[in-house]
Amino acid sequence: MSRGQERSSQRLAKIIEPTDDEKAAAKAAQTFGRSYAHDSTALGVAAFALVFLIVFAIVIVTLVDGVLRGEFGDQDIAWLVAIGAAVFVVFAVLVVVSVLVARHHYLHPVKSDVFAAGGRLFHTSFMPDKEKNGDGRGIVRINVVDIAECAGFHNRKDRTVWILPSPDARIHDVWRRGKRWEDERELCLALLEKGIPSGADTDPFFGVDEQYRGFLERIGVRIEETAEPVDFLAGTWLPAKDDFHDW
């Protein structure tokens with residue numbers, strides 16, 4: 001390897017990451033309530049519970065109104081009470097399941113990381129294999145975008161900085177199966193060296209904890225304040241004309 005190639009390889013391999021204080025602050029900010037609010041599985045179960053709560057309320061209103069009007073006999077009342085009790089039991093079970101799922105995800109969070117290398121911003125996560133084979137293998141998921149072709153939007157409500165690509169750029173979504181979490185950085189550096197696979201999927205955005213805002217600004221990501229949902233931003237955001245020159 002020539003000296004020029006060696007220096008180029010060293011530049012590509014240089015990793016810039018958040019400080020230890022920023023990492024500690026991000027970890028401390030992950031309360032149960034915040035984890036629950038971002039847990040799509042637990043929230044999905046809670047949505048079903050809400051449906052049964054509404055049904056239960058309708059049954060109670062119908063029962064009370066019918067009794068007050070004298071429209072229901074003993075048999076009707078007994079049936080409505082039985083239906084209401086069954087609906088309430090299902091509601092309570094779903095609430096408990098939702099909380100237990102959220103608690104499990106809170107106590108065993110998905111491993112994730114954010115760092116920069118070679119002019120790219122990487123956000124990685126790890127999903128272990130469902131089979132308990134004990135070898136620690138799973139899927140390393142890598143979101144990567146050129147720092148010069150993205151912007152960050154800080155939403156104080158969800159305490160997240162959402163990273164969106166410029167209109168002509170893409171956030172690549174690369175999955176590596178059968179890998180260990182410890183292989184994550186090596187896989188990212190391999191992408192820098194070999195290039196992003198042509199068949200890689202793309203994502204419209206990804207989010208990082210607001211505690212990493214300072215890190216993002218240090219590596220050159222422009223941050224804006226927003227109150228808009230990220231789904232709305234992903235479909236409407238356009239950079240100002242000077243943005244490409246400023247980056």
Side-chain angles (χ1 to χ4, degrees), residues 5 8-18 22-23 26-27 30 38-41 105 108-131 133 135-153 155 158 160-213 215-223 230-231 233-235 237 239 244 247:
Q5 289 175 323
S8 176
S9 177
Q10 288 174 347
R11 283 197 298 270
L12 285 177
K14 182 180 180 182
I15 292 176
I16 305 171
E17 57 186 323
E22 289 170 334
K23 292 179 181 179
K27 184 176 181 180
Q30 290 299 322
H38 288 82
D39 192 326
S40 58
T41 303
H105 291 167
H108 306 281
V110 173
K111 295 178 180 178
S112 63
D113 192 12
V114 59
F115 60 92
R120 305 287 184 92
L121 175 63
F122 290 89
H123 178 262
T124 60
S125 58
F126 181 72
M127 292 163 280
D129 288 335
K130 293 182 179 180
E131 297 180 1
N133 47 24
D135 63 0
R137 295 182 183 273
I139 298 173
V140 176
R141 183 178 183 182
I142 304 169
N143 283 132
V144 54
V145 63
D146 194 315
I147 294 173
E149 296 181 339
C150 70
F153 293 86
N155 189 314
D158 55 25
T160 300
V161 177
W162 296 103
I163 304 298
L164 276 70
S166 59
D168 297 328
R170 293 184 295 174
I171 294 175
H172 296 283
D173 184 17
V174 181
W175 295 46
R176 290 290 180 263
R177 290 176 169 81
K179 302 295 182 178
R180 294 184 175 88
W181 173 243
E182 291 75 14
D183 302 329
E184 164 236 7
R185 294 283 178 94
E186 182 180 345
L187 292 171
C188 292
L189 295 179
L191 288 177
L192 286 176
E193 181 181 354
K194 299 177 181 179
I196 307 296
S198 58
D201 294 331
T202 59
D203 270 344
F205 54 80
F206 64 86
V208 299
D209 192 283
E210 66 179 359
Q211 301 295 335
Y212 294 136
R213 175 172 181 163
F215 158 73
L216 294 171
E217 291 176 332
R218 288 196 300 274
I219 64 174
V221 177
R222 180 176 57 81
I223 308 293
V230 66
D231 293 330
L233 286 172
W237 172 67
F244 296 105
W247 298 346

Item to check | Pairing residues for Arg170 by the side-chain hydrogen bond (donor to acceptor under 3.5 Å, both in side chains) criterion, not counting sequence neighbours | outcome: none
Checklist entry - Quick one: does Val114's side chain get under 4.5 Å of Pro18's, heavy atoms only? => result yes
Checklist entry - Which atom pair, heavy atoms only, marks the closest approach of Met127 to Trp175? => result CE-CZ3, 3.9 Å
Checklist entry - Can you name the nearest heavy-atom pair linking Ala117 to Leu189, along with the distance? => result CB-CD2, 4.3 Å
Next on the checklist: Taking side-chain hydrogen bond (donor to acceptor under 3.5 Å, both in side chains) as the definition, give me every residue that meets it alongside Ser125, ordered by chain and number, with sequence neighbours left out.
Outcome noted: none
Checklist outcome for this item: Nearest heavy-atom approach of Val221 to Cys150 is CG2-SG, 4.2 Å
Item to check | Nearest-0.5 Å distance that lies between atom CD1 in Ile147 and atom CD in Glu149 | outcome: 11.0 Å
Checklist entry - Tell me, do Leu216 and Leu121 make a side-chain contact under 4.5 Å, heavy atoms counted? => result yes
Item to check | Shortest non-hydrogen contact from Phe153 toward Leu164 | outcome: CD1-CD1, 4.1 Å
Pair up each side-chain donor or acceptor in residues 199-213 with any protein partner under 3.5 Å, not counting sequence neighbours, and list the distances.
from   : atom 1 : to     : atom 2 : distance (Å)
Asp203 : OD2    : Arg141 : NH2    : 3.1
Asp203 : OD2    : Asn143 : ND2    : 3.0
Asp209 : OD1    : Gln211 : N      : 2.8
Asp209 : OD2    : Gln30  : NE2    : 3.3
Asp209 : OD2    : Arg34  : NH1    : 2.9
Asp209 : OD2    : Arg34  : NH2    : 3.0
Glu210 : OE1    : His154 : NE2    : 2.7
Arg213 : NE     : Glu217 : OE2    : 3.2
Arg213 : NH1    : His154 : ND1    : 3.2
Arg213 : NH1    : Glu225 : OE2    : 2.3

Next on the checklist: Looking at Arg180, I'd like to know if its CZ atom is crowded, meaning that more than 12 non-hydrogen atoms belonging to other residues, nucleotides or ligands lie closer than 6.0 Å.
Outcome noted: yes
Next on the checklist: Among residues at least two apart in sequence or on other chains, which ones pass side-chain hydrogen bond (donor to acceptor under 3.5 Å, both in side chains) with Arg120?
Outcome noted: none
Next on the checklist: For Glu184, give me all partners under side-chain contact (heavy atoms from CB on, under 4.5 Å), at least two apart in sequence or on another chain.
Outcome noted: Asp113, Phe115, Thr124, Val140, Trp181
Item to check | Atom pair CZ/NE2 of Phe122 and His172 - distance to nearest 0.5 Å | outcome: 10.5 Å
Item to check | Atom pair CD/NZ of Glu182 and Lys111 - distance to nearest 0.5 Å | outcome: 6.0 Å
Checklist entry - Excluding sequence neighbours, so at least two apart, what forms side-chain hydrogen bond (donor to acceptor under 3.5 Å, both in side chains) with Arg218? => result Glu22
Item to check | Atom of Pro165, atom of Ile171 and distance for their closest heavy-atom approach | outcome: CD-CD1, 3.6 Å
Checklist entry - Above 12 or not: heavy atoms from other molecules or residues under 6.0 Å from NZ of Lys179? => result no
Item to check | Closest non-hydrogen atom pair between Ala116 and Ile219, with its separation | outcome: CB-CD1, 3.9 Å
Item to check | Point-to-point distance, once rounded to the nearest 0.5 Å, from CD1 of Ile163 to NE2 of His123 | outcome: 9.5 Å
